[in-house]
> 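Take this structure first; my questions come after.
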Number of protein chains: 2
Amino acid sequence: MARAVTQPVTNGTQTAEKAGGVETIIRSAHDRVVREIVDLFVRLAEVAGLPRSIGELYGYLYVADAPLPMDVLTSELGLSKGAVSQGLRLLRSFGAVRTVYVPGDRRDHFVAERELKKLAAGYLNEKVLPHIRRGDERLKEIRALIAQTNGGDRKILQERLQRLIRWHQRAAKLIPLLLRLLQQ
Amino acid sequence: MARAVTQPVTNGTQTAEKAGGVETIIRSAHDRVVREIVDLFVRLAEVAGLPRSIGELYGYLYVADAPLPMDVLTSELGLSKGAVSQGLRLLRSFGAVRTVYVPGDRRDHFVAERELKKLAAGYLNEKVLPHIRRGDERLKEIRALIAQTNGGDRKILQERLQRLIRWHQRAAKLIPLLLRLLQQ
DNA sequence: CAAGTTGTTCATTTTATTTTGAACGAAGCC
DNA sequence: GGCTTCGTTCAAAATAAAATGAACAACTTG
């Protein structure tokens, strides 16, 4: 049962599948919604500093009403196999997408994790926390370097460092706070 | 009074300015601190999705103990006039940097705004809020589009939209909350 | 086990972003 | 008014990031 390339997002209820006329209009209204939502996620990806294709993939899975295999994403979004494979890996890495077993189909099927809380938590843990941790190390190194400087310079450098450490502490405290806020 | 290229960050107290030996070591320790801090800001810029040069400029001004004119930044960081000019404009646009009048010098002098609260506030207002606002419009457009779809599809699309609207509302509420948290 | 799928990897190409540098306008200065 | 300095702008060059697609490994299946 081959799925028509122009309608993979909705696949359960294909009531408007007769011929031409009104149905075509209805179909394209649905497609436009899908396109708009995908576009919304493309912008979001942009803001988050992620490649456009990540936004497309997540957006398309977000609107879909069933788990989709890679080849549907490939043909629907006009992306290469490589891009889809890598994109899904990244999305999985922060829990934005997960695989689902579909009986009688050898292909992996993907679903979007649609709960903001899980999505944001994954992003914070994978993409933000590591930076904060490394920042911590860096600051310690800088403290050691400053100890090797002398007189007039040192005071200013120490003040700057102190301020950075305060920033860092705030950022570190913010993460769990954000997670809690998103939690419920 | 030409300023030596190798020591523009500290310029008030130049006690270690005799000749060779110990002073050289001291000086380079100071330089290493500067370099490390600049590097820290380069990474921060990376995370924030800003060009490397922005991190360099802000970082260098952050450690400096006096307002600096453009040409010092140009020669110290090895950036072109154009890059420095554009970079400072961006930094000014979200209040990370401001100009200071220095008597008897025709050049603009720049200082880093070192308070996290002002810096973050500027960034949120200039770089985040606009996206949230546009998101609002986009969601309304999508709602209108969905009204034009029919039957089975519509229910799912409406559910997806509803969820997006909830995300959006949370994000919108988060901004003022963050600002308040950073405030004191 | 041969043939066909499925999914990953990575060198290459494409595209997007950042930086340069020369040209220019606007002051200041003598 | 000429000369110099300061800062901006923008086309072009350099660089960085993302996407492609062919090669490949791992499975399935008859």
Side-chain angles (χ1 to χ4, degrees), chain A residues 1-3 8 38-39 41-61 67-93 97-111 127, chain B residues 1-3 8 38-39 41-61 67-93 97-111 127:
Chain A
M1 191 200 282
R3 188 208 305 274
V38 168
D39 194 82
F41 280 101
V42 168
R43 312 293 170 116
L44 185 59
E46 231 163 62
V47 176
L50 298 170
R52 154 190 202 86
S53 62
I54 297 294
E56 295 182 284
L57 287 169
Y58 183 80
Y60 200 79
L61 288 171
L68 299 177
M70 265 185 54
D71 56 318
V72 170
L73 294 166
T74 303
S75 63
E76 268 325 291
L77 296 170
L79 292 169
S80 68
K81 257 172 72 158
V84 173
S85 173
Q86 288 177 191
L88 289 173
R89 168 150 46 125
L90 181 65
L91 284 166
R92 253 181 308 187
S93 83
V97 145
R98 69 194 149 79
T99 50
V100 165
Y101 171 66
V102 171
D105 197 327
R106 187 142 74 81
R107 298 169 300 177
D108 288 350
H109 284 65
F110 295 86
V111 230
K127 295 268 153 188
Chain B
M1 191 201 284
R3 187 208 306 276
V38 168
D39 194 82
F41 280 101
V42 168
R43 313 293 171 117
L44 185 59
E46 230 164 62
V47 176
L50 298 170
R52 153 189 203 85
S53 62
I54 298 293
E56 295 183 284
L57 287 168
Y58 183 79
Y60 201 79
L61 288 172
L68 298 178
M70 265 184 54
D71 55 318
V72 170
L73 294 167
T74 303
S75 63
E76 268 324 293
L77 296 171
L79 292 168
S80 69
K81 257 171 72 155
V84 173
S85 173
Q86 288 176 192
L88 289 173
R89 169 151 42 124
L90 181 65
L91 284 167
R92 254 179 308 186
S93 83
V97 145
R98 69 194 148 79
T99 50
V100 165
Y101 170 66
V102 171
D105 197 328
R106 187 143 73 79
R107 298 170 299 177
D108 288 350
H109 285 64
F110 295 86
V111 230
K127 296 265 152 189

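In the text below, chain A, chain B and the rest are named by the order of the sequence lines, each starting its count at 1.
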> Going by heavy atoms closer than 4.0 Å, what residues in residues 42-50 of chain B are next to DNA chain C?
none
> Take the C1' atoms of the five end pairs on each side of the helix from dC1(C)-dG30(D) to dC30(C)-dG1(D), derive the two axes, and give their angle rounded to 10 degrees.
10°
> I'd like the 5' and 3' limits of the part of DNA chain D contacted by chain A, with heavy-atom contacts below 4.0 Å.
dA18(D) to dT28(D)
> Whole-Å distance between dG7(C) C1' and L73(A) CG?
13 Å
> List the atom pairs, donor and acceptor, that lie under 3.5 Å between side-chain atoms in residues 79-89 of chain A and the rest of the protein, sequence neighbours left out.
from: S80(A); atom 1: OG; to: A83(A); atom 2: N; distance (Å): 3.1

> Rounded at 0.5 Å granularity, tell me how far OG1 in T99(A) sits from NE2 in H109(A).
11.0 Å
> From CZ of R52(A) over to P of dT14(C), roughly how many Å is that when rounded to an integer?
18 Å
> Return whichever of R106(A) or G78(A) has its heavy-atom-nearest nucleotide of DNA chain D closer to the 5' end.
G78(A)
> Pick base, sugar-phosphate or nothing for G87(A), based on heavy-atom distances below 4.0 Å to the nucleic acid.
nothing
> Indicate every side-chain donor-acceptor pair of residues 41-56 of chain A with a distance under 3.5 Å to a residue at least two apart or in another chain.
from: R43(A); atom 1: NE; to: D39(A); atom 2: OD2; distance (Å): 3.1
from: R43(A); atom 1: NH2; to: D39(A); atom 2: OD2; distance (Å): 3.0

> Could you tell me the separation between the CG atom of L79(A) and the P atom of dT13(C), rounded to a whole number of Å?
21 Å
> Output one line per pair: protein atom, nucleotide atom from nucleotides 8-10 of chain C, and distance, for all N/O pairs under 3.5 Å.
from: dT8(C); atom 1: OP2; to: S85(A); atom 2: OG; distance (Å): 2.7
from: dT8(C); atom 1: O5'; to: S85(A); atom 2: OG; distance (Å): 3.4
from: dT9(C); atom 1: OP2; to: R89(A); atom 2: NH2; distance (Å): 2.7
from: dC10(C); atom 1: N4; to: Q86(A); atom 2: OE1; distance (Å): 2.9

> Taking the side chain as everything from C-beta on, heavy atoms only, tell me whether L90(A) gets closer than 4.5 Å to K127(A).
yes
> Determine, stepwise, if the pair D71(A) / E76(A) fulfils side chain to side chain contact (heavy atoms under 4.5 Å, CB included).
CA-CA 8 Å; D71(A) 56 318; E76(A) 268 325 291; over 6 Å; no
> Check whether any side-chain heavy atom of D108(B) sits under 4.5 Å from a side-chain heavy atom of V102(B), and report yes or no.
no
> What is the separation between atom CG on L77(B) and atom C1' on dT19(C), rounded to the nearest whole Å?
14 Å
> Is there side-chain contact between V38(A) and Y58(A), with at least one heavy-atom pair below 4.5 Å?
no
> Please report, rounded to the nearest Å, how far the P atom of dT17(C) is from the CD1 atom of I54(B).
15 Å
> Under a 4.5 Å cut-off applied to non-hydrogen side-chain atoms, are F110(B) and L61(B) in contact?
yes
> Less than 4.5 Å apart, side chain to side chain, heavy atoms only: is that true for V100(A) and R98(A)?
yes
> Could you give me the CA-CA distance, side-chain angles and deciding distance for V111(B) and V97(B), then say whether side chain to side chain contact (heavy atoms under 4.5 Å, CB included) is met?
CA-CA 6 Å; V111(B) 230; V97(B) 145; over 6 Å; no
